[in-house]
Amino acid sequence: MSHLLAPTRLGDLTLSNRIAMAPVTRARSGADGVPTAANAAYYAQRAAAGLIVSEATNVSRHSAAFELAPGLHDDAQVAGWRRVMDAVHTAGGRLFAQLWHSGRVSSYALLDGRAPLAPSAVNDDLHLLQPYAALENGFYTRIAASPSRAMTVQDIHAAVDEFRVAARNAMRAGIDGIELHAANGYLPHQFLSPHTNRRDDAFGGSLANRARFLELVLRAVLDEVPAGRIGVRLSPFAAYNNATDPATEETYAYVARMLGEAGIAYLHAADSNAWAGAPDMDRILAVLRPNFGGAIIANGGLDPAAADALIASGMADLASFGRSFIANPDLVDRIRCGGPYNTPDPFTFYGGGVHGYLDYEPLAA
């Protein structure tokens, strides 16, 4: 695994290897989205990754798709993330916070009784959306999505400002950089998709208009964070949460060029369909690589050998692993040794306590 284990530059950072920890929601934050000591221990356990991308982190009290996900919109959350970063930095790691607004993928039960916000009020496919919540008995499960309402222009600019404030808070917390979550059918992805964006104003219709929300969010974040400390996660062909696009290649070639012109550090290419047995990584990279001059992190359904080969080919610069990092906090050492690997337990992915979170067995000495 010589390519995966080789050091690299990412933006203005030098990373010890090309193995990234993918953003994996674990739904174990404290009250009101404040990171806890357990969260700090969890990320510190995985600090040997060249880069950790945090679990999706809410930019607003009203942006949640998963109950008990963390936030970056108030001072208590900043203090919690500072504790996380102290632990990660002490262990020698680097962490970018993934900033998240779920848009229409939510429920009034998660939003203080409010309707989810969306580019357009598309509500004939709610059965395809995937919000989650904790039950009183302690188990964590998918819940019904609530009908969304179309955002006003004022709502749009307010959401842009929420990303700005969250990015500022990330810097206050000592976080190394941020990743914008523009994948998996969440709000920026919803604006890009002509299925979920049926507006006829400056934020809908043409490709340039549909990309305008992501462009404004990026500009706002650039006011707070250097370009070399910013990444964007994209999932061009994702079926998850139904933000589909009949002209995917055209849309994401445009988006990749737009993001490249801003000089950001990387694109995080999420092959969300790989877990359903329909991998799209070759198609994704064929769109992104020719149109983006920065680094590309490949993610989704890759084993170490496939990831190493992608990096060797020049189509990707790093590879990120999600479920493998859940079950193997010492994944970098295991890749170096050629395994063996723990098997992740899906019943402990979301919610709960330390079981399935902090207690996976390390590699035997």
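Nothing fancy with the numbering, it's 1 onward along the sequence.
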Student: State whether Asp201 and Arg199 are salt-bridged, where the test is any N-O pair (Lys NZ or Arg NE/NH1/NH2 against Asp/Glu carboxylate O) under 4.0 Å.
Tutor: yes
Student: For Ser148, which residues count as a side chain to side chain donor-acceptor pair (under 3.5 Å) partner, sequence neighbours excluded?
Tutor: Asn123
Student: Just wondering, more than 12 heavy atoms not from Glu249 lying within 6.0 Å of its CD?
Tutor: yes
Student: Please work out which of the three classes, parallel, tilted or perpendicular, describes the rings of Tyr43 and Trp81, given edges at 30° and 60°.
Tutor: tilted
Student: Please check if atom CZ in Arg114 has more than 12 non-hydrogen atoms from other residues, nucleotides or ligands closer than 6.0 Å.
Tutor: no
Student: Do Asp125 and Arg104 sit within salt-bridge range, that is, some charged N less than 4.0 Å from a carboxylate O?
Tutor: yes
Student: Using the ring-ring contact (aromatic ring centres under 6.0 Å, His included) rule, collect all pairs that involve residues 214-241, keeping only residues at least two apart or in two chains.
Tutor: none
Student: Just jot down the side chain to side chain donor-acceptor pair (under 3.5 Å) partners of Asn39, sequence neighbours excluded, or say none.
Tutor: Thr36, Tyr357
Student: Check the side chains of His62 and Asp112 for a donor-acceptor pair under 3.5 angstrom, ignoring hydrogens and angles.
Tutor: yes
Student: By side chain to side chain donor-acceptor pair (under 3.5 Å), which residues pair with Arg142, not counting sequence neighbours?
Tutor: none
Student: Could you name each residue pair satisfying ring-ring contact (aromatic ring centres under 6.0 Å, His included) that touches residues 105-143, not counting sequence neighbours?
Tutor: Phe66-Tyr132, Tyr132-Tyr350, Tyr140-Tyr350
Student: Check this for me: does any side-chain nitrogen of one of Arg82 and Asp75 sit under 4.0 Å from a carboxylate oxygen of the other?
Tutor: no
Student: Would you please name every residue forming a side chain to side chain donor-acceptor pair (under 3.5 Å) with His157, sequence neighbours left out?
Tutor: none
